[in-house]
S.K.: 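This is the structure I want to talk about, given as structure tokens.
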Amino acid sequence: MEVELEAQVKKLLSNESKQNGDVQIISNNNNNSKLSMKIEVDEENFKNNVKSKLDISEDELEPGEKTLHYGLEDNPPWYTCIILGFQHYVTFVVGIVSVPVVMCPKLCMLEDDAARGELVSTLIFVSGLVTIMQTTIGVRLPIVQGSSFGFLAPALALLNLPKWQCPPQEQILQMSLEDRRALWQVRVNEVSGAILIASLFQMAIGYLGLIGLVLKYITPLTIAPTVALIGLCLFDAAAREASGNWWIAAGTIALLTLFSLYMRFLEVPLPQWGKKKIGENKKRKTFPFFQIFPVLTAMVIMWIVCGLLTATGILPEENLARTDSKLKILQEAPWFHFPYPGQWGSPTISAAAVFGMLAGVIAGAIESVGDYYACAQFCEAPPPPIHAVNRGIGTEGLGCLIAGIWGTGNGTTSFSQNIGAIGVTKVGSRRVVQYAGVIMLTLGAFSKVGAFFVTIPSPIIGGVFCITFGMVTAVGISTLHFVSLKSFRNMYIIGFSIFFALVLPRWMEKNPDVIKTGSEFIDQLCTVLLSTSMFVGGLIGFVLDNTVPGTDEERGLTKWNKHHDAEGLVEKDTPTCYDLPFGMDYIRKAKWTSYLPFMPTFRKH
């Protein structure tokens, strides 16, 4: 028996590896009914041979020690979760404060209106609620949910309609507090109603498993202009905020660039406690501070600079860089305001607004799919299976529904900044982000906290916008690495879809009444859609790329499909880390659950 086994082993090694010079059998012996063989392996050749045959990475071939401090399903101590969760909160809140800054002028809110703090608090509260839902019953990855710039473009297009344009500021100043409040509430309710109905579409493509069908026709040449235009069409907002004091805005940009690029690998030493033992070579611990908090650090430094310039009287009274220009918001904001459904009134629904908001919903869903796989990679978890992706997108739609009911004026989607923080801090625990959600819920009920962030001087926010909106644009452009940029066909599509999507909305803004079909509904619908840059660019890219002849390799579909297949959009043995936290015994026993696209037992029939 041993001789036969030895012969089979020799034959296997000879056929598969010896011919390549990978393995050489030096000797063999049969002693005490035990087969032992001495094999000399050329490790480099053998590794390359196996990698090429199995198409696996070197990390998979040689699994080493986990580099994470805490993995996906690890549960750090509660005090550690609070500290790490608060870090996620800080990273999140710096990004979320920019959304009401852009929206409030279009909502007819004054610069020092205390209601800005209430709106920010509501955004934080709802984001915390949806984060807990997403990490518990959604995709179950440690992804923070927050407001998206993708919803801003259609919201701004809607508010630019003649019906919703603000009266002159002098007239607003003469209004009573109740009238001013009613002025912005009716606009928030219109935007919230559009998000509420559009979220039903996102829930459908998620829970019904339609996301795969949608992605089949949404190619890189559709995604690139859609996402890039989210950043490009907001340049007016960045210029408006920065123009309050260009020196302060430029200083913010300079510090952000310094911290994010030049100092990103600089490690800050951490303080150490306890006595060092004799002969112990204790390595000093460091922390990649500037990789994690470049935005927060730049904002704090420039905030202090503005405070000093205000205190010394260098900045004149009317300058928006003064730290006391919005102090009224913090003073008048109540300490406690518990956000609740319909707090601004009932959301109003118009078809024109809903269709415009669908562009933001689709863009957010596509972006989130990529975020799921990036997060899984940072957490060293298996790629999310199709049921987890479906459930995640559906839960994001449910989050947008909640945002519409609560009246945040914006939807919710995956927050990419916090995913990057996971990659830097090496903390990929689901429990930590759940704690972050609880912190967001708690602090969202304190209006003073939201008001505090609103008081950041406008030029600082404008400087941050110049970087963050630029990064959003770059994310869209980066999608083009899948396609052939030597192709005239592709260059024509991408160039025309971006440029014309900037031209047409600008013309619509100057001529709001140009569309006259005889139907007020159709007029408003077309006006909103054609005034939304990301919709125009995405539509042009979608139509041209799916109708103009081109090879799959030229269009980028070869790499694109391989990319998604490799990342879990095909049916595989599903990992248990994406199972629901309850009822799995029943779900596995019940056959009907295999037909539901969001269930862990889902199989394509």
Side-chain angles (χ1 to χ4, degrees), residues 66-97 117 120-147 267-274 285-297 299-300 335-339 371 375 378-381 395 399 412 414-453 577 581:
K66 290 179 71 176
T67 59
L68 289 177
H69 300 307
Y70 295 104
L72 177 62
E73 298 193 285
D74 292 339
N75 295 324
W78 64 269
Y79 49 85
T80 303
C81 286
I82 291 176
I83 295 172
L84 295 174
F86 187 76
Q87 177 179 261
H88 272 288
Y89 167 78
V90 172
T91 305
F92 155 82
V93 80
V94 169
I96 198 176
V97 74
V120 172
S121 296
T122 302
L123 280 168
I124 295 173
F125 181 89
V126 170
S127 296
L129 178 61
V130 181
T131 296
I132 295 172
M133 291 169 49
Q134 185 68 278
T135 53
T136 306
I137 61 172
V139 71
R140 289 186 53 75
L141 284 167
I143 295 182
V144 172
Q145 302 293 293
S147 298
E267 301 274 336
V268 177
L270 293 175
Q272 292 179 310
W273 294 270
K285 293 183 179 180
T286 58
F287 180 70
F289 181 83
F290 295 106
Q291 278 193 6
I292 302 175
F293 299 123
V295 176
L296 179 65
T297 307
M299 291 179 70
V300 169
W335 276 102
F336 182 81
H337 170 78
F338 188 81
D371 286 338
C375 185
F378 283 136
C379 296
E380 296 183 2
T395 304
T412 58
S414 300
F415 227 58
S416 302
Q417 292 93 320
N418 289 82
I419 296 173
I422 292 173
V424 173
T425 60
K426 305 301 180 185
V427 176
S429 170
R430 179 191 298 128
R431 182 63 54 85
V432 167
V433 175
Q434 288 173 335
Y435 267 74
V438 174
I439 292 172
M440 292 155 65
L441 270 175
T442 305
L443 296 182
F446 290 90
S447 298
K448 290 286 187 186
V449 175
F452 173 75
F453 288 104
C577 61

S.K.: Locate the shortest heavy-atom distance separating G85 from A436; write the atom from each residue and the value.
M.R.: O-CB, 3.4 Å

S.K.: Taking only residues at least two apart or on different chains, which pairs with a member in residues 120-129 satisfy side chain to side chain donor-acceptor pair (under 3.5 Å)?
M.R.: T122-Q343

S.K.: Any pair with a residue in residues 432-441 that passes side chain to side chain donor-acceptor pair (under 3.5 Å), sequence neighbours left out, goes on the list, sorted by first then second residue, please.
M.R.: T136-Q434, R431-Q434

S.K.: Taking all non-hydrogen atoms of both residues into account, name the closest pair between F86 and I439 and its distance.
M.R.: N-CD1, 3.5 Å

S.K.: In Å, rounded to the nearest 0.5 Å, how long is the span from CG of L123 to CE of M440?
M.R.: 10.0 Å

S.K.: How long is the straight-line distance from CD1 of I143 back to SG of C375, given to the nearest 0.5 Å?
M.R.: 4.5 Å

S.K.: Mark yes when over 12 heavy atoms from residues, nucleotides or ligands other than F336 sit less than 6.0 Å from its CZ; otherwise mark no.
M.R.: yes

S.K.: Residues two or more places apart in sequence or in another chain: which of them pass side-chain hydrogen bond (donor to acceptor under 3.5 Å, both in side chains) with T395?
M.R.: Y207

S.K.: Would you find a donor on one side and an acceptor on the other, under 3.5 Å apart, between the side chain of Q134 and the backbone of V139?
M.R.: yes

S.K.: Taking all heavy atoms of R140 and all of C577, pick out the closest pair and write down the distance.
M.R.: NE-O, 4.0 Å

S.K.: Once side-chain contact (heavy atoms from CB on, under 4.5 Å) is applied, do any residues pair with V433, and if so which ones, sequence neighbours excluded?
M.R.: H88, T131, T135, P142, V144

S.K.: How long is the gap from CZ on F125 to OG1 on T442, to the nearest 0.5 Å?
M.R.: 9.0 Å

S.K.: Once rounded to the nearest 0.5 Å, what's the spacing between atom CG of L441 and atom CZ of F338?
M.R.: 8.0 Å

S.K.: Which distance, rounded to the nearest 0.5 Å, do you find between the CG of N75 and the CZ of R430?
M.R.: 8.5 Å

S.K.: Can you sort out the partners of S429 under side-chain hydrogen bond (donor to acceptor under 3.5 Å, both in side chains), two or more places apart, ordered by chain and number?
M.R.: none

S.K.: Taking the side chain as everything from C-beta on, heavy atoms only, tell me whether V432 gets closer than 4.5 Å to P76.
M.R.: yes

